[in-house]
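Have a look at the structure below before the remarks.
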Amino acid sequence: MTVTLLGASEIRRLAAELDVTPTKKWGQNFVVDANTVRRIVQVARVEAGERVVEVGPGLGSLTLAILETGATVTAVEIDPRLAARLPQTAAEHRVPEGALQIIQNDALKVTALPGEPTVLVANLPYNVSVPVLLHFMETFPTLDRGVVMVQAEVGERLAAPPGSKTYGSPSVKAAWYGDWKLAGNVSRQVFWPVPNVDSVLVGFQRSGDTLGTEEERKATFTIVDAAFQQRRKMLRQALSSLLGGSAAASSEVLERAGVDPTLRGEQLTVHDYLRIARTIA
């Protein structure tokens, strides 16, 4: 049997049945267009037999599109009503028994996933998209690639190269784990309710080698945060509190790390920040 997808009218009927009103608190905007969810799955290159984790499945439109490929899905859903209804929706749409597992929890609190999934596919809530992504990349090293739909501004930051206007703390932290690229725009009209922001797809591929140890990652991220908290200042000033307490001391550390003290945070790569962390270790 072939898995079938949700249509716009059924999504609205399900929401009414569950008395679910999409909320800003949980960043809920449900995708009501079958072509869009199939496109996300196609961009993620999901294949039969793969284990996929989905964050925020909602009413299940993207979930069913992933399951349509023959992959298995672990879906993490914070809303208990949605989590409880999803297995029934899957059964009604011919999903094979055992192909879908539900974890009813806040994605930021999930520390274990069954089956070691290798692909992440999600329509991420706008308000927590970066923290959720970084948490999953840090916590689940088996995640090799994925595609997420996020607010355009967030997606541009994740994929931004050093030196660009949108390059910031999320850009550097994401780069710790691998390569991130914009993978297409998404019309506002495919959502219900229609959001007041644009959305994009962002694809990632995890690097084959880990950049550093967990201690080095934490130290690097602390330096990144400090650099971008005062992004208009030169690094010798922005990092002075971390690197010796004065601009002069900070400059000395930066020079030992091979970093120009007069640069600003947005001009450094993740490798530059790691060298600074290793210099002060």
Side-chain angles (χ1 to χ4, degrees), residues 3-34 36-37 40-41 44 51-68 71-93 95 97-115 117 119-137 139-140 143 146-151 154 186 188 190-197 199 201:
V3 174
T4 57
L5 303 189
L6 286 170
S9 60
E10 186 178 1
I11 287 170
R12 288 181 171 84
R13 179 184 61 75
L14 277 171
E17 171 196 319
L18 297 171
D19 194 25
V20 169
T21 302
T23 66
K24 286 188 177 180
K25 174 187 174 184
W26 288 339
Q28 290 168 324
N29 292 90
F30 301 122
V31 181
V32 294
D33 178 64
T36 297
V37 291
I40 295 170
V41 173
R51 292 185 176 270
V52 179
V53 60
E54 181 190 7
V55 178
L59 294 166
S61 55
L62 179 55
T63 316
L64 293 173
I66 301 169
L67 291 162
E68 185 184 37
T72 59
V73 173
T74 299
V76 180
E77 175 57 59
I78 192 171
D79 189 325
R81 294 167 300 174
L82 298 175
R85 182 60 168 82
L86 196 53
Q88 182 182 337
T89 301
E92 292 168 353
H93 286 262
V95 172
E97 188 174 347
L100 173 65
Q101 292 178 281
I102 314 293
I103 296 176
Q104 197 269 297
N105 201 349
D106 182 340
L108 288 168
K109 297 178 180 177
V110 173
T111 56
L113 292 171
V119 187
L120 170 65
V121 180
N123 169 22
L124 286 176
Y126 296 149
N127 50 350
V128 294
S129 51
V130 170
V132 166
L133 271 175
L134 294 178
H135 171 68
F136 268 66
M137 295 304 291
T139 309
F140 305 111
L143 291 176
V147 170
V148 294
M149 181 158 55
V150 293
Q151 182 177 342
V154 172
V186 180
R188 298 183 185 191
V190 305
F191 295 97
W192 172 69
V194 177
N196 57 5
V197 294
S199 299
L201 301 181

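Here, residue 1 is the first one in the sequence, and each next residue gets the next number.
Although no hydrogens or angles enter the test, the distance criterion places no donor-acceptor pair under 3.5 Å between the side chain of Ser199 and the main chain of Met149.
For the atom pair CZ (Arg81) and CG (Asp19), the distance works out to 6.5 Å, reported to the nearest 0.5 Å. Distance check, rounded to the nearest 0.5 Å: CG of Leu6 to CG of Leu64 gives 5.0 Å. Going from atom OG1 of Thr63 over to atom CG of Leu82 covers 10.0 Å, rounded to the nearest 0.5 Å. With values rounded to the nearest 0.5 angstrom, Asn123 atom CG is found 8.5 Å from Glu54 atom CD. The distance from atom CG of Leu62 to atom CG of Leu5, rounded to the nearest 0.5 Å, is 10.0 Å. Interatomic distance, CG of Leu113 versus CZ of Phe140, reported as 3.5 Å (0.5 Å rounding).
Pairing each heavy atom of Gly60 with each of Leu86, the nearest pair is CA-CD1, 3.6 Å. Minimum heavy-atom separation, Pro114 to Gln101: CG-OE1, 3.5 Å. Across all non-hydrogen atoms, the minimal contact from Val37 to Ala34 is CG2-O, 3.1 Å. Shown here for Ala107 and Phe136, the closest heavy-atom pair between the two residues is O-CE1, 3.4 Å. Scanning all heavy atoms of the two residues, the minimum distance from Ala44 to Val119 falls at O-CG1, 4.5 Å. Across Val154 and Ser129, no two heavy atoms sit closer than the pair CG1-OG, 3.5 Å.
Counting heavy atoms from C-beta outward, Thr89 and Leu59 have side chains that stay 4.5 Å or more apart. Leu67 places none of its side-chain heavy atoms less than 4.5 Å from the side chain of His93. Ile11 is listed as a side-chain neighbour of Ser61, based on a closest heavy-atom distance under 4.5 Å. Contact annotation: the side chain of Val31 approaches that of Phe191 to within less than 4.5 Å [non-hydrogen atoms, C-beta and beyond].
Salt-bridge annotation for Arg85 and Glu77: absent, with no side-chain N of the basic residue lying under 4.0 Å from a carboxylate O of the acidic one.
The residue from Val110, Asn105, Asp106 that alone fulfils the side chain to side chain contact (heavy atoms under 4.5 Å, CB included) condition with Leu108 is Asp106.
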